[in-house]
Each structure stands twice: as C-alpha cells, then as structure tokens.
Amino acid sequence: MLPLNGEAAAMPEKKKPSKLEKVRNFGICAHIDAGKTTTTERILFYTGKEHAIGEVHDGSATMDYLVEEQERGITITAAATSIRWDGYDLNLIDTPGHVDFTAEVERSLRVLDGAVVVFDGVHGVEAQSETVWRQADKYDVPRICFINKMDRGGADFDHSVATIQERLGAPTVPLTVPVGAADTFRGVVDLITMEYVTFGGEQGEVVERVPVPEDLADEMGVRRLELIEGLADHDDALAERFLDGADITPDEIHAAVRHVVLERKLYPVLAGTALRNAGVQPLLDAIVRYLPSPLDRGSVTGHRPDAPEEEVSIPPEDDAPLCALAFKILSDAHGDLTFVRIYSGTLQSGKGMYNPRLGKHERAMRLLRMHANERKQLETASAGQIVAIAGLKLTATGDTLCDKTEPVALEPITFPEPVISMAIEPKSTADKDRLEEVLDKMAREDPTFRVTTDPETGQLLIAGMGELHLEVLKNRLLRDFRIEANVGKPRVSHRQTVRGRGKATCTFERLIAGVDQTATVTIAVQPGEPGSGVQFESKAPAHELTPTFVAAVEEGTRFAADGGLGMGFPVIDVKATLLGGVMHETDSTETAFQAAGGEGFGQACEAGGVVILEPVMHFEVTTPADFVGPISSDLIRRNALIEGDELRGDLRVIRGTVALRQMFGYSTTVRSLSQGRASYSMQPAGFREVTADERKRLTFED
C-alpha cells in the first residue's frame with residue numbers, strides 16, 4: 001500500500017500533532033425513546049454550548065430543530081455540533097433512533113471515530129439497538145454504553161447490561177453503578193476511584209464525589225474486583241500488576257479501559273438518568289478518556305480512481321494532500337450544504353476540490369461549523385474535522401473530495417433499498433416541473449428516497465424506508481417547499497428472485513436504422529445468497545465472445561434485473577452465468593449483445609421459476625400485561641409469526657416477524673388496543689415469497 005504522496009521510501013515518523021490527540025469525533029445512537037437526544041441536550045448544557053437545557057417533550061431540543069421533529073418528539077435527521085470538555089474538542093452527531101431513518105445512522109457512523117450507545121434502563125437492548133450496534137460493527141467503531149432512565153419504574157441496571165451481552169454478544173465492563181433505581185435512585189458509584197457521585201444544583205451541574213458509603217463498600221469492592229479481572233483478561237500490563245498482588249491505581253485502570261475500547265475487546269458501561277440530570281458528566285469524562293482520536297484511528301485506506309486495485313494510505317495530517325468524504329447533503333432555505341469528514345490535508349474557503357467519481361472540480365464557496373441549524377463561518381478546516389461546505393452543486397453522498405494532483409477515492413457508503421412506495425402527482429400542471437425539481441433535490445439529500453416513473457401508468461412514484469419516512473417527506477413537500485400534490489396510499493416495494501436453476505439461449509436479430517444487429521448468448525441462473533443482489537460471471541470462451549461483448553451482456557442482464565422482467569419488481573439474489581455466445585463477423589454489435597443479454601436473462605429466470613418476494617419486518621410490541629391478549633390476537637390476524645414474549649420490568653414484550661404490508665396503520669391500532677399505553681418498533685428482516693393469494697393479486701392471475 002502506497003502512502004498518499006506515492007513515495008515508498010522510508011522516512012522518519014513525524015511527531016503526532018497534539019491538537020489531534022485532543023479531538024473526539026463521536027455519535028450518539030440508540031433505539032427510539034431511549035433518551036438519546038435528552039442525553040445530547042445535557043451534554044450541550046454541561047459543556048457550556050447552551051445556557052438552558054432543551055427538552056424533547058416540549059419541542060425545545062436544540063438538536064431536533066426541524067418542525068417535524070419538534071411536533072413528533074423524535075429525531076429525524078442527524079444533527080452535528082462542536083463542543084469542548086476538559087480541554088478536548090468534541091465533534092458530536094446526534095442520530096435518529098427510528099428504523100425509517102437508519103440511513104442517517106449509517107452515514108454518520110461511516111465517518112465517526114467512536115460512539116455512545118444509549119440504552120433504556122428498563123428495556124435494555126431493543127430492536128433498533130441491535131441495528132445501530134451492527135452498523136457500528138460494520139465500521140469497527142469503538143463504543144461506550146450508557147444505561148439511561150435509571151429513575152424509571154422497573155429500571156434494572158444489571159438486567160440491561162445482561163441484554164447487551166446476550167443479545168448483542170458484546171462483552172462489557174461496568175465503570176459506574178447506580179445507587180438505587182426508580183424513585184430511590186440517588187447517584188452512581190465510580191468503581192475506578194471508589195467514590196459515590198451525586199449531582200446537585202438546579203440542573204445537576206454540581207457534581208460531588210465522596211468515599212463510597214459503608215453500607216455499599218462490600219458490594220462495590222466486589223464489583224471493582226470484577227472490573228479489574230475483566231480488564232486483566234485483555235490487558236497484559238494490568239494482568240501482570242494484578243497477578244503480582246499490587247494495588248491497582250485509577251490511572252492504571254483508565255489506561256486499561258482505553259486500551260480495550262480502542263481494540264474493541266470490551267465495552268465500558270456507565271449509568272444515569274439524563275432527564276433527571278444525573279450521570280452525564282462522568283459520561284463526558286469517559287468520552288475524552290476512552291474514545292479514540294483521529295490519530296488513534298490512524299490512516300484510512302483508499303484507492304486510485306484509475307486503478308481500483310492500488311490501495312492508498314491516507315494519514316491524518318494537515319500537510320498531506322486533501323482527502324475528505326461527503327457523508328450528508330442537507331437542503332434548506334439557504335441552499336445545499338455538504339457535510340464532510342476531512343481525513344487528510346486542509347480545506348480552504350473559496351478553493352477548488354476534485355471529485356474523482358465525476359472527474360470534475362467543485363468549489364467550496366463557504367466553510368461552516370454547524371451547531372444543529374446554526375452556522376459559523378470558517379476560513380480553513382483541517383484533518384480530523386467535520387464541517388459543512390456551501391456551494392457544491394454536483395457532489396453526492398459517499399463522494400470523495402481530494403487534490404487533483406493526488407486523486408484518491410474512499411470506499412463509498414452503501415444504503416438499504418426502499419421497501420415502500422406511493423404515487424404522487426401535482427394538483428395542477430403548473431406545479432409539475434416544480435414538483436419534479438423538488439423531488440430530485442430531496443432524493444439527492446436522502447439516499448434512501450427514490451423517485452421513479454411507473455412504466456405502465458406513467459405515474460410518478462416516491463419510495464422510502466417506511467410509512468413514517470414517506471409521511472415526513474410528504475409533509476416537507478407541502479410545508480417546506482409549498483408544493484400542492486395528491487398522494488396515493490402506501491404500498492410495499494416487491495422484489496423477484498428464482499426458485500431454482502434455469503438456462504436459456506437467446507438470439508437477437510433485428511434491423512435497426514438500416515443496420516443488421518445480431519447476437520446470440522447462453523445464460524444460466526441460480527438462486528444467490530440472501531442480500532447478494534445480482535451477481536454476474538462469464539465462463540464464455542474467449543474465442544466466442546470478446547471482453548467488450550461480455551461487458552455488453554452484463555449491462556443488459558443488470559438492466560433487465562433492475563427493470564423487473566416486465567413486472568416492474570427488481571430481481572435480487574440471483575447468480576447469472578454467461579456460458580457462451582455467437583458473434584457474427586459483421587453484424588454483431590454491443591447493442592445487440594446488450595439486448596440479447598437482457599432477453600436471455602429473463603428467459604433463464606422463467607426457466608428457473610420466478611418468485612415474487614415481499615419485505616418482512618422484525619417487530620417488538622411493548623405493552624402492559626393487561627393488553628397482551630388483544631394485541632396478540634390482532635398480530636395473528638395480520639398473519640404475524642409470534643416468536644415469543646418476555647417480561648421487562650412490569651411490561652411484556654411480544655416479538656416476531658410479519659409482512660410489511662400487514663402493518664400499515666398499525667400505530668393507530670396498537671394505541672387503540674392498549675388505551676395508548678403500548679408501543680412498537682420494527683426493523684427489516686429481509687424478503688420472503690408472497691402467498692398464493694397475494695401473487696394472484698399482483699399478477700392478475702386467474
């Protein structure tokens with residue numbers, strides 16, 4: 001792997017710039033209603049960023065600045081801010097907790113160095129907790145766990161920690177332990193220093209540390225020993241001290257915790273209740289002590305745009321060539337903003353950058369440091385920083401911005417495909433162009449929002465990740481962009497695959513513009529692995545098809561798969577193999593082989609047996625025990641597969657899987673069945689074959 005400047009000669013290592021050692025880029029992630037934004041608001045207050053605490057329940061939360069967020073009391077879009085704590089510069093991103101907006105978590109974690117995952121002290125790990133944890137695993141993000149809501153009835157710290165270990169498979173080490181729970185919650189014990197920590201003052205701003213009370217000393221002594229033993233299993237230096245019988249100092253424990261966090265061997269756990277202003281300052285201390293700096297994360301790897309096989313090492317240095325990743329586009333009344341993480345080099349206001357995907361230059365008209373929707377203009381921004389750029393016209397989410405003299409491309413961000421769609425049309429012809437323009441802008445901003453045209457009806461279709469996602473987008477159209485439009489009812493986005501193996505030989509012969517076009521291909525298909533999309537492989541002998549014609553066949557195959565083989569449902573999880581073909585000396589063209597590839601793929605799929613798939617969701621319904629019966633009966637009526645239920649505190653949690661189409665409007669139903677006391681969450685579970693009746697409805701079969 002070459003360094004970014006291409007020089008392979010060994011050079012003395014430069015001294016690490018101290019300013020990066022005191023930078024923390026982290027996100028706060030959680031299941032919806034775990035208290036993530038409430039925790040963020042306390043962080044803003046205690047770091048002095050805000051002079052009053054914003055609350056989610058009354059719509060005053062600083063980071064939930066959209067009207068939709070304030071009205072619904074949930075986070076919809078990831079919001080960034082910069083704060084300082086104990087001499088450290090912290091770049092924080094508050095992410096959504098609802099499954100419909102999981103793309104916001106995905107692109108945030110792609111550029112962050114660490115994360116705080118917030119858990120509800122009553123429920124522990126919940127459905128979306130698992131999703132965000134897997135997303136963090138995908139990008140090797142070190143994490144700290146915060147067990148929140150220890151003041152709620154039914155809160156159980158040890159149970160919540162156990163769910164992290166059992167449901168996430170994540171080894172944990174508690175660093176603080178709550179004293180009491182629910183109405184008796186009084187503070188936390190710091191196991192590292194063996195101090196009892198309380199939070200006084202009007203808003204928990206007065207932190208008092210005293211020795212652990214005698215009535216807790218034995219229990220906390222045992223817990224501290226368990227902490228040291230857990231760390232010693234993964235830290236040789238601490239293990240040696242422990243086996244020698246030495247007194248382990250707090251500094252030694254801090255060093256060991258930092259080591260295991262950076263190596264992702266253990267996940268420290270802290271406790272508190274953000275709403276009651278307790279436990280947040282120790283969490284801030286843990287963030288600066290244990291989460292990695294850009295230097296700890298080290299160089300990232302990219303590749304040369306013209307040579308994808310050539311890896312390039314990108315060091316976190318200001319004087320290296322520029323390399324930044326655009327991870328979020330935000331459109332508002334002031335124009336588009338492009339959020340970037342700078343991995344190396346320096347950005348300057350007014351200077352140009354190179355986009356290797358497009359092969360074009362873009363100019364940073366202004367550099368901005370964001371605090372939710374507030375902006376502060378910057379002249380320069382350097383390695384390790386997260387900033388917004390105003391004025392980029394072409395750059396999309398996942399694009400790399402770099403120095404043209406040292407072009408490099410970072411791994412782009414991948415997003416799940418939309419699973420629900422609905423028709424939309426302007427109320428007047430005068431609004432047609434405006435509607436299409438705004439939809440294009442929204443699709444650029446949100447990579448999980450798609451705009452297509454139904455090939456049969458000519459209807460404009462918008463697709464997203466769920467009912468709430470589309471409802472929020474619809475409201476933005478009506479309220480923010482003032483577009484008058486009619487929208488249809490939501491409908492799921494189906495897919496197709498093959499049941500078995502199939503093979504077809506297709507000959508394309510046509511006179512086009514007075515020129516004969518001829519091509520023959522033989523294609524075989526078979527089921528692929530779930531989530532594999534469409535894989536293409538060529539086993540055609542070189543004397544039968546040139547590489548150019550093989551590429552044309554692949555292009556035709558993928559076009560046919562995306563087009564849905566005439567039914568409009570994209571094909572997924574199929575492996576296509578080009579076995580051979582016939583070229584005509586004069587009449588064979590790329591166009592002919594592209595057409596033959598598409599037709600041959602469709603015929604091979606028919607031979608293998610085409611199956612229509614529908615999206616399936618994992619669900620969790622949390623309800624008081626009195627309503628388990630009617631809620632379970634309603635789920636069974638929706639053909640849900642109930643996999644089990646468990647007791648969490650004084651509530652029952654019903655888990656299972658169900659077809660997405662069966663859950664339209666469920667939020668209203670579950671509130672009605674439980675007198676408003678039950679809640680539910682869902683996350684994608686993949687696709688499954690539709691029932692015979694549903695297939696008839698979709699295909700109009702007799």
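Note that the numbering runs from 1 along the sequence shown for the chain.
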Practice problem: Could you pull out all residues at least two apart from His31 that satisfy ring pair (Phe, Tyr, Trp, His ring centres under 6.0 Å)? | Solution: none

Practice problem: Name all residues meeting the ring pair (Phe, Tyr, Trp, His ring centres under 6.0 Å) criterion together with Phe536; count only those two or more places apart in sequence or in a different chain, and write none if there are none. | Solution: none

Practice problem: Decide yes or no on side chain to side chain contact (heavy atoms under 4.5 Å, CB included) for Val574 and Gln535, but give the supporting numbers first. | Solution: CA-CA 6 Å; Val574 171; Gln535 297 175 299; over 6 Å; no

Quiz item: Is the NZ or CZ atom of Arg479 positioned over Phe481's six-membered ring, under 6.0 angstrom from the centre and within 45° of the axis?
Solution: no

Practice problem: Before giving the answer on salt bridge (Lys or Arg N to Asp or Glu O under 4.0 Å), spell out for Arg264 and Asp140 the whole-Å C-alpha distance, their side-chain angles and the decisive distance to 0.1 Å. | Solution: CA-CA 8 Å; Arg264 291 180 56 235; Asp140 296 326; 3.0 Å; yes

Quiz item: Could you give all pairs that pass the ring-ring contact (aromatic ring centres under 6.0 Å, His included) test and reach residues 390-415, with sequence neighbours left out?
Solution: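 Non-adjacent pairs meeting ring-ring contact (aromatic ring centres under 6.0 Å, His included): zero.
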
Exercise answer: donor-acceptor pairs, residues 347-359 side-chain atoms, under 3.5 Å, sequence neighbours excluded:
from	atom 1	to	atom 2	distance (Å)
Gln348	OE1	Lys351	NZ	2.8
Ser349	OG	Met365	O	3.4
Asn355	OD1	Arg357	N	3.1
Asn355	OD1	Leu358	N	3.3
Asn355	ND2	Thr395	OG1	3.4
Asn355	ND2	Asp399	OD2	3.0
Arg357	NE	Asp399	OD1	2.5
Arg357	NE	Asp399	OD2	3.2
Arg357	NH2	Asp399	OD2	3.0

Self-check item: side chain to side chain contact (heavy atoms under 4.5 Å, CB included) between Lys328 and Arg107, intermediate numbers included
Solution: CA-CA 7 Å; Lys328 177 181 173 68; Arg107 57 183 172 189; 3.8 Å; yes

Quiz item: If you measure only the distance, is there a donor-acceptor pair under 3.5 Å linking the side chains of Thr102 and Gln683?
Solution: no

Practice problem: Check the side chains of Thr346 and Asp318 for a donor-acceptor pair under 3.5 angstrom, ignoring hydrogens and angles. | Solution: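 Distance-only check fails for Asp318 and Thr346.
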
Quiz prompt | Note, Ile93 side chain near Leu112 side chain (heavy atom, < 4.5 Å) | solution =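 In short, these two side chains touch, coming nearer than 4.5 Å.
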
Self-check item: Contacts of type salt bridge (charged side-chain N to carboxylate O under 4.0 Å, His left out), residue Lys432, not counting sequence neighbours
Solution: Glu436

Quiz item: Of all residues at least two apart in sequence or in a different chain, which pass the side chain to side chain contact (heavy atoms under 4.5 Å, CB included) check with Ala595?
Solution: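 Ala595: side chain to side chain contact (heavy atoms under 4.5 Å, CB included) contacts with Phe508.
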
Self-check item: Electrostatic pair Arg482:Asp431 at N-O distance under 4.0 angstrom
Solution: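 So Arg482 does not pair with Asp431 through a salt bridge.
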
Practice problem: Find the distance between OH (Tyr139) and CZ (Arg297) and round it off to the nearest 0.5 Å. | Solution: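 Result: 12.0 Å between the selected atoms.
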
Quiz item: Could you state the interatomic distance from CG (Leu378) to CE (Met370), rounded to the nearest 0.5 Å?
Solution: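 Atom-to-atom, Leu378:CG and Met370:CE are 11.0 Å apart.
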
Quiz item: Is a side-chain N or O of Ser538 found less than 3.5 angstrom from the main chain of Val550, in a donor-acceptor match?
Solution: no

